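The structure appears right after this line, and notes come after that.
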Amino acid sequence: MYVIIGATGNTGSVVANTLLAQGKKVRVIGRNAEHLARFKKAEPFVGDVSDEAAMTKAFAGAQAVYVMLPPNITAPDVRAYQKQVTEALARAIEKNKIKFAVSLSSIGADKPEKGGPVVGLHQLEERLNRISGLNVLHIRAAYFMENTLGQAEAIKQMGHAAAPFRPEFKFASIATRDIGAFAGDALSRLEFAGQQVQELHGQRDLSYGEITSIIGKAIGKPNLNYVTLTPEQFRETLIKYVGMSESSANLLTEMVESMDSGYLHPLEPRSARNTTPTSYETFVAEELLPRYQGKLAA
């Protein structure tokens, strides 16, 4: 039995489908039974990831689990939410004596402070590493390409792209489908032992200047401009237009400042092992362009 946290999300859905395609027995966990219904061959489990009793029941009989901290952008105290989920998942693993876990972490999770929400992933890694008998693989993923999907609406509303990074600052970015594929493969093989970390850097490093150029060409605006938001402008946008709590907005602002300054950075050099296939051009064509054209809900 493989148990998947966040099964209806960007990475969890790919993990679940990868394992199901191989004929594995899979239990999918989510908050909404209707959303779980698409996994026809899986066993659905409706539960809250912060509920230790529910997670203990959900993990019963599992050989391996895929764990993550599902984002809660409206939480009044994101740090407290992350700690509660971390403890619920860790206790469920301990009580069921689970032998294998793959965790979704992030580049920068080596840092114990100044990483915004990534600090919560640092704490998740440390908590799982303390579980006796657990073999755990932490996937430290790059900046999600999905974080740029909001540019579609920004360009329609303002006529330009905007983000809180210097236009020339290059960073690793990855399509979440590639994270899910890597995690699903790791779970299907179960060849990791002890506590292991694997960074995933995406197809190549990009700057927001390059991202804007790629988007511009795809939408027929080759001269699309990019505007750098100040930290306060970014924070205000997250609260006013995205609907985030102050806690969530503050932490994300801290994260992007730490990325832009170079404090949060990959520890591994780019290699065949940590490079993934989906290019940003492909992602824009398949995910961002349809949103810009109004074919998908943003």
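One-based numbering along the sequence shown. Because the structure is a prediction, the values reported are computed rather than measured. The analysis underlying the following values was restricted to heavy atoms, covering all of them including side chains, and did not include hydrogens, waters or symmetry mates.
Within 6.0 Å of NZ in Lys156 there are more than 12 heavy atoms belonging to other residues, nucleotides or ligands. Counting heavy-atom neighbours within 6.0 Å of Lys114 NZ, excluding the residue itself, gives a total of 12 or less.
Partners of Met158 according to the side-chain contact (heavy atoms from CB on, under 4.5 Å) rule, which considers only residues two or more places apart in sequence or in another chain, are Ala154, His160, Ala162. Thr176 meets the side-chain hydrogen bond (donor to acceptor under 3.5 Å, both in side chains) test with Glu146; sequence neighbours excluded. Every side-chain contact (heavy atoms from CB on, under 4.5 Å) that Glu126 has, sequence neighbours left out, goes to His122, Arg130. Contacts of Ala88 classified as side-chain contact (heavy atoms from CB on, under 4.5 Å), with partners at least two apart in sequence or in another chain: Glu52.
Because its NZ or CZ atom is both nearer than 6.0 Å to the ring centre of Tyr263 and within 45° of the ring axis, Lys111 counts as a cation-pi partner of that residue.
Under the 3.5 Å distance criterion, with hydrogens and angles disregarded, a donor-acceptor pair is assigned to the side chains of His138 and Ser103. Under 3.5 Å, the side chains of Thr11 and Tyr66 contain a donor-acceptor pair of N or O atoms.
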For residues 33-40, which side-chain N or O atoms pair as donor and acceptor with protein atoms under 3.5 Å away, sequence neighbours left out?
{"from": "Arg38", "atom 1": "NH2", "to": "Thr8", "atom 2": "O", "distance (Å)": "3.0"}

Expected list for residues 13-24: side-chain donor-acceptor pairs under 3.5 angstrom, two or more places apart:
{"from": "Ser13", "atom 1": "OG", "to": "Gly9", "atom 2": "O", "distance (Å)": "2.7"}
{"from": "Asn17", "atom 1": "ND2", "to": "Ser13", "atom 2": "O", "distance (Å)": "3.1"}
{"from": "Thr18", "atom 1": "OG1", "to": "Val14", "atom 2": "O", "distance (Å)": "2.7"}

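With contacts defined as side-chain heavy-atom distances shorter than 4.5 Å, the pair Arg140/Ser106 does not qualify. Gln203 has its side chain out of reach of Thr278: every pair of non-hydrogen atoms, C-beta onward, lies at least 4.5 Å apart. Using a 4.5 Å cut-off on side-chain heavy atoms (C-beta onward), Lys57 and Phe45 make contact.
The cluster map of Ile, Leu, Val, Met, Phe, Trp and Tyr, joined by side-chain heavy atoms under 4.5 Å apart, puts Leu69 and Val65 in the same cluster. Val227 and Ile215 fall into different hydrophobic clusters, where Ile, Leu, Val, Met, Phe, Trp and Tyr are joined by side-chain heavy atoms under 4.5 Å apart, directly or via other members.
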Verdict with reasoning, Ser258 to Ser261, per side chain to side chain donor-acceptor pair (under 3.5 Å): CA-CA 5 Å; Ser258 290; Ser261 71; 5.1 Å; no
Side chain to side chain donor-acceptor pair (under 3.5 Å) evaluation trace for Tyr143 with Thr148: CA-CA 10 Å; Tyr143 184 86; Thr148 69; over 6 Å; no
Stepwise side chain to side chain contact (heavy atoms under 4.5 Å, CB included) check, Leu149 with Arg291: CA-CA 8 Å; Leu149 288 175; Arg291 282 167 171 77; 3.8 Å; yes
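A distance-only check finds no donor-acceptor pair linking the side chain of Glu281 to the backbone of Ile214 [under 3.5 Å].
Classification of the Tyr208-Phe171 ring pair by plane angle, with boundaries at 30° and 60°, yields tilted.
The shortest heavy-atom contact between Gln151 and Ala163 is NE2-CB, 4.1 Å.
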